[in-house]
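Report on the following structure.
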Amino acid sequence: MAPDNSSTDEEQPRNQRRVERKTIVGIRSTTCTDLCTEINKSKARKIEGAELKPQTADLYDQLNSKKSDDLRIKLNRSKNSDLRRHLEEIRRCPTTSPKITNTVVDLRARLEYIRTARTPHLNVIMGGLPPCGDSVRAVKNYRRHATTSQKWLLQIKDDHQITFSASDTHGLHTPHNDPLLIDIGIGDCQVTKILIDTRSSVDLIFREKLDKMGIDLRDMKPSSRTLTGFNGASEPMIGMIHVLVYVGGVTRTVKFSVIRAKAPYNAILGTPWLHSMKAIPSTYHQCIKFPERDGTIQTIRGDQKAAQNC
């Protein structure tokens, strides 16, 4: 009986596959062994390096070792900007005013100081209406006439001469730098401390003074214009009002600009009233002179004592 060759042929591939499996298993075991050895060596190197360079790992120990950086100490430290502490000191010593420095935290005192320091002063008042009106065409014509008058001089009529002499300073305290304050009649009242200001292009009166004089404010025409000083500071107007002004027998209807402000004067008469009166003021001689209807020169003396008290 012949041997079975087919079974022998089948066993050979099986044996070959077994050999291949054993080889793969051996390679894998060798690779794993090498990898574990490398990992153990790496751990050993890290442990040796850690032993050579010891470091503090405790975060609490690091924070406690630096007392200067302790956040709690910084928060509990007293500061100049402690608002509550500063206000308590002011309450304990109400008679002492707070010292205004760069480190003052009292907000109310600081704001009051800034407001006082930055309060604008109107030394030159501008913003009044020109005699021609306030329309664009009227203003252009007014400027054109001013240019034409410089080129074509008109014949000037003989007018009354107004002069000042040393006798006008009789009774004055000299030398002085006092402003010119006069007494005039406004409406039904005799009003003192009227400032004559040649630098003002408006006649100005204050709302508080109108109330004291009993002038009916229903005749006031509201206005949204602003008055501007030489330094750019502005003051809003609340209206315009026409009031009769009596000076030395001469009566003029004056258009006053009304504002809400506090001033040592009751009113300010500027160039509109001066030009309508053809008046010439002199602060040095403390008087103002203007011609009357009959041609005589009227002199209104200033109140130097009132000027020195302002």
Side-chain angles (χ1 to χ4, degrees), residues 122-133 138-139 141-187 189-205 230 242-257 265-308 310:
L122 299 177
N123 295 325
V124 178
I125 305 172
M126 297 175 290
L129 299 177
C132 57
V139 172
N141 291 335
Y142 182 73
R143 294 176 179 174
R144 190 180 301 111
H145 292 162
T147 304
T148 304
S149 300
Q150 294 178 355
K151 295 181 179 180
W152 304 92
L153 300 178
L154 301 177
Q155 185 177 1
I156 302 175
K157 299 180 180 179
D158 292 337
D159 202 352
H160 306 284
Q161 294 184 356
I162 297 178
T163 59
F164 296 88
S165 62
S167 60
D168 293 321
T169 61
H170 180 71
L172 294 180
H173 178 269
T174 56
H176 71 87
N177 57 352
D178 302 321
L180 180 57
L181 301 182
I182 63 174
D183 299 346
I184 62 175
I186 300 179
C189 302
Q190 188 69 20
V191 185
T192 62
K193 293 185 179 181
I194 305 297
L195 176 65
I196 303 299
D197 189 0
T198 58
R199 301 169 297 176
S200 174
S201 63
V202 296
D203 297 320
L204 191 65
I205 198 167
F230 78 97
H242 292 80
V243 184
L244 292 177
V245 175
Y246 310 93
V247 180
V250 180
T251 304
R252 290 285 187 272
T253 300
V254 178
K255 182 191 292 185
F256 282 104
S257 300
Y265 317 114
N266 293 323
I268 298 175
L269 292 177
T271 53
W273 179 81
L274 290 172
H275 294 176
S276 67
M277 295 284 293
K278 298 182 180 180
I280 308 296
S282 174
T283 56
Y284 174 75
H285 298 92
Q286 283 291 295
C287 64
I288 181 172
K289 297 184 179 184
F290 57 90
E292 292 186 345
R293 293 181 179 179
D294 57 359
T296 58
I297 302 300
Q298 178 75 17
T299 300
I300 303 297
R301 306 291 304 180
D303 189 347
Q304 189 180 25
K305 184 177 179 180
Q308 293 176 351
C310 289

Is there side-chain contact between [X] and [Y], with at least one heavy-atom pair below 4.5 Å?
{"X": "Val250", "Y": "Met277", "result": "yes"}
{"X": "Thr192", "Y": "Gln190", "result": "no"}
{"X": "Thr283", "Y": "Asp178", "result": "no"}
{"X": "Ile268", "Y": "Phe256", "result": "no"}
{"X": "Pro272", "Y": "Val254", "result": "no"}

I would like to know whether Ile194 and Ile186 meet side-chain contact (heavy atoms from CB on, under 4.5 Å); could you show each step before the answer? CA-CA 10 Å; Ile194 305 297; Ile186 300 179; 4.1 Å; yes

Is the number of heavy atoms from other residues, nucleotides or ligands under 6.0 Å of His173 NE2 greater than 12?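 For His173, atom NE2 is not crowded (no more than 12 foreign heavy atoms under 6.0 Å).
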
Value rounded to 0.5 Å, distance of [atom1] in [X] from [atom2] in [Y]:
{"X": "Ile196", "Y": "Ile288", "atom1": "CD1", "atom2": "CD1", "value": "4.5 Å"}
{"X": "Ser257", "Y": "Ile205", "atom1": "OG", "atom2": "CD1", "value": "10.5 Å"}
{"X": "Thr296", "Y": "Asp294", "atom1": "OG1", "atom2": "CG", "value": "3.5 Å"}
{"X": "His242", "Y": "Thr253", "atom1": "NE2", "atom2": "OG1", "value": "7.5 Å"}
{"X": "Ile280", "Y": "Gln161", "atom1": "CD1", "atom2": "CD", "value": "12.0 Å"}
{"X": "Asp197", "Y": "Leu181", "atom1": "CG", "atom2": "CG", "value": "10.5 Å"}

Yes or no on side-chain contact (heavy atoms from CB on, under 4.5 Å) for Phe290 and Lys278, after CA distance, side-chain angles and deciding distance? CA-CA 6 Å; Phe290 57 90; Lys278 298 182 180 180; 5.6 Å; no

Checking Asp203 against Leu269 for the side-chain contact (heavy atoms from CB on, under 4.5 Å) test, could you report, in this order, the C-alpha distance in whole Å, the side-chain angles of both residues, the deciding distance, and whether it holds? CA-CA 5 Å; Asp203 297 320; Leu269 292 177; 4.1 Å; yes

Provide the closest heavy-atom pair for Gly302 versus Ile182 in the form atom of the first, atom of the second, distance.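 Heavy-atom minimum between the residues: CA-CG2, 4.2 Å.
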
Can you name the closest pair of heavy atoms from Leu180 and Gln286 and give their distance?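 Leu180 and Gln286 have their closest heavy atoms at CD1-C, 3.6 Å.
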
Could you walk me through whether Asp303 and Lys305 pass salt bridge (charged side-chain N to carboxylate O under 4.0 Å, His left out), step by step? CA-CA 6 Å; Asp303 189 347; Lys305 184 177 179 180; over 6 Å; no

Please identify each residue that fulfils ring pair (Phe, Tyr, Trp, His ring centres under 6.0 Å) with Phe164, with sequence neighbours left out.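 So Phe164 forms a ring pair (Phe, Tyr, Trp, His ring centres under 6.0 Å) with His285.
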
